[in-house]
Amino acid sequence: MDTIFALATARGKAGVAVIRVSGPQAPNAARALAGTLPSARLAGLRRLVDAQGEVLDSALVLRFEKGASFTGEDVVELHCHGSPATVTALLRTLGEMDGLRMAEPGEFTRRALENGVLDLAQVEGLGDLLEAETEAQRRQALRVLSGALGEKAEGWRAALIRAAALLEAVIDFADEDVPVDVTPEVADLLQGVARSLNTEIAGVAAAERIRDGFEVAIVGPPNAGKSTLLNHLAGREAAITSEHAGTTRDVIEVRMDLNGLPVTILDTAGLRDSADAVETIGIERAIARARSADLRVFLLDEAGRIEGLEPAPGDIVVRGKADLVGAGQFAVSGKTGEGVGDLVARITAFLETRAARAETATRERHRLAMLRAGESIAEAQNRLSLGMDAAELAAEDLHRAIRALDSLVGRVDVEQVLDEIFARFCLGK
């Protein structure tokens, strides 16, 4: 096994930079630099030198023993001064040592997976945590990284193993009288797992939205004030505004953080019948994008007309250009800001309700694995409803369900997803 090293903090000038070394040669490499090492998990200030004895830096050195580190291997961290020249000199010196090489993207985390420190779901949670931009994303990623999904999967797995064992006991003693009828216990176990799986599956869509971001489309007729409202929300001139209808031809996106939720606001072309070929394409794109959005804000003009798209349950209908509208109407003005706070509050409340449905599973891969497990459990339940004569087939169904749950946390069938997952990691992870 190679010993790998990489800068674990961001490149560029900083007060402190952390260089991580992992593998069997990590302690020896650190001794070559620092002379002596502090006790495990205790920081020690050391002068770092190269092979010629030239001083490279003074740094804090931390050592983690095999089995008690992030990767599960011997790990040494060098907390040095964060100048690019210092970091480059230390990385160059490490690269000149026998048995050491620069880590590939995500290789530290991959070793943590291979050494059983993290399961696959935790690896995905770590990736999401590194990319988290909002509070909701951070909380969700941290929950997955903590092993919450793996704990649930282990509970489901244990229940299915128990159910399969009970059925196999009946099979093994088919020629004898089994003193206890196992059917009620097996039925309860399968029903409990199926119920929990269905709850988790139902929450994946909301969890994916928290991770990737919700979309809110502003739609309505031309000159209703959509682009002005978008610019007010963005705090900048994100969209061109004009008194001429049809100015917006393509979908314009602005990323926002609404009470911790990641939200992309979409400004779309005005909805109307048009003879202009380019504008017609823009309108078609607007309708398609609006339909796929999580929420639509219908911004009406003085005529109150909407063409090409109807509000769905939960959509917000509001009058635009509130500065030109009399009192008593729910209206907003991107020009003056009137009503915008109320609109944002309504959008946030709707999305928070959606986000509250999220459970622990956050990815389509998770959903598919749980669906496979649920389908196998349902098949076993159907067989057992016909009597214990089908116990052997039901037991095989349960073993298929167990294998599906194993793929959820990376015990089996993970190679095809590893490259995609680790490609998103930096060298220091």
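In this text, all values refer to a predicted model and were calculated from it rather than measured experimentally.
- Put simply, the side chain of Phe70 does not reach to within 4.5 Å of the side chain of Phe64, judged on heavy atoms.
- Asp74 places no side-chain N or O within 3.5 Å of a backbone atom of Pro27 that could act as its donor or acceptor partner.
- Taken from CD in Glu200 to OG1 in Thr362, the straight-line distance is 9.5 Å, to the nearest 0.5 Å.
- A salt bridge does not link Arg211 with Glu124: every distance from a Lys NZ or Arg NE/NH1/NH2 to an Asp or Glu carboxylate oxygen is 4.0 Å or more.
- Two residues are said to be in side-chain contact when any heavy atoms from C-beta on lie closer than 4.5 Å; Gln140 and Asp128 fail this criterion.
- For the side-chain contact (heavy atoms from CB on, under 4.5 Å) criterion with Gln25, the lone passing option out of Ile4, Leu100, Asp2 is Leu100.
- In this structure, Leu408 and Arg365 approach most closely via the heavy-atom pair O-NH2, 3.0 Å.
- Partner of Trp156 under the side-chain contact (heavy atoms from CB on, under 4.5 Å) criterion, out of Leu189, Leu197, Ile161, Ile402: Leu197 alone.
- Remark: side-chain polar atoms of Arg354 are not paired, donor with acceptor, to backbone N or O of Ala206 under 3.5 angstrom.
- A salt bridge between Arg367 and Glu364 is present, with a side-chain N of the basic residue lying under 4.0 Å from a carboxylate O of the acidic one.
- Nearest heavy atoms, Thr360 versus Val144: O-CG2, 3.5 Å.
- The side-chain heavy atoms of Asn259 and Leu261, taken from C-beta on, include no pair separated by under 4.5 Å.
- We find the OG1-CZ distance between Thr134 and Arg139 to be 8.0 Å, quoted to the nearest 0.5 Å.
- To the nearest 0.5 Å, the span separating CD1 on Ile210 from CD on Gln137 amounts to 8.5 Å.
- Enclosure of atom CD in Glu392 is not indicated, since only 12 or fewer non-hydrogen atoms of other residues, nucleotides or ligands lie within 6.0 angstrom.
- Each of Thr3, Asn28, Leu33 was compared with Met97 under the side-chain contact (heavy atoms from CB on, under 4.5 Å) criterion, and only Leu33 meets it.
- Not one N or O on the side chain of Gln191 forms a donor-acceptor pair closer than 3.5 Å with the backbone of Asp188.
- Here the shortest heavy-atom pairing between Ile316 and Leu343 reads CG2-CD1, 3.9 Å.
- Residues Leu295 and Gly314 share a closest heavy-atom pair of CD1-O, 3.3 Å.
- Between the side chains of Glu73 and Ser22, at least one donor N or O lies within less than 3.5 Å of an accepting N or O.
- Under 3.5 Å, the side chains of Ser376 and Arg403 contain no donor-acceptor pair of N or O atoms.
- The closest side-chain heavy-atom distance from Val254 to Leu233 is not below 4.5 Å.
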Would Thr71 and Arg20 satisfy side-chain hydrogen bond (donor to acceptor under 3.5 Å, both in side chains), going step by step from the backbone distance to the final call? CA-CA 11 Å; Thr71 63; Arg20 177 183 284 165; over 6 Å; no
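- Using a 4.5 Å heavy-atom cutoff, the side chains of Val409 and Leu120 are not in contact.
- Between Glu133 and Asp257 there is no side-chain heavy-atom pair separated by less than 4.5 Å.
- Side chains of Asn198 and Arg195: a donor-acceptor N/O pair is absent below 3.5 angstrom, by distance only.
- Nearest heavy-atom pair, Ala17 versus Leu7, reported as atom, atom and distance to 0.1 Å: CB-CD1, 3.9 Å.
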Working for salt bridge (Lys or Arg N to Asp or Glu O under 4.0 Å), residues Arg138 and Glu135: CA-CA 5 Å; Arg138 182 194 67 80; Glu135 181 63 13; 2.4 Å; yes
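- The shortest distance between side-chain heavy atoms of Glu396 and Arg383 does not fall below 4.5 Å.
- Between the side chains of Glu359 and His366, not a single donor N or O lies within less than 3.5 Å of an accepting N or O.
- Environment of CD in Glu65: sparse, with no more than 12 heavy atoms of neighbouring residues, nucleotides or ligands closer than 6.0 Å.
- By the 4.5 Å heavy-atom criterion applied to side chains, Met370 and Val204 are counted as neighbours.
- A salt bridge is defined here as a Lys NZ or Arg NE, NH1 or NH2 lying under 4.0 Å from an Asp or Glu carboxylate O, and Glu253 with Arg255 fails to meet this definition.
- The distance from atom CZ of Arg291 to atom CD of Glu310, rounded to the nearest 0.5 Å, is 10.0 Å.
- Proximity of a side-chain donor or acceptor of Ser407 to a complementary backbone N or O of Ala404 within less than 3.5 Å is detected.
- Note that CD1 of Ile377 is 7.0 Å distant from CG of Leu398, once rounded to the nearest 0.5 Å.
- In terms of heavy atoms, His79 sits closest to Leu62 at NE2-CD1, 3.6 Å.
- Of the charged side-chain nitrogens involved, none lies within less than 4.0 Å of a carboxylate oxygen, so that Arg400 and Glu375 do not count as a salt-bridged pair.
- A distance of 8.0 Å separates OG of Ser69 from CG of Asn115, quoted to the nearest 0.5 Å.
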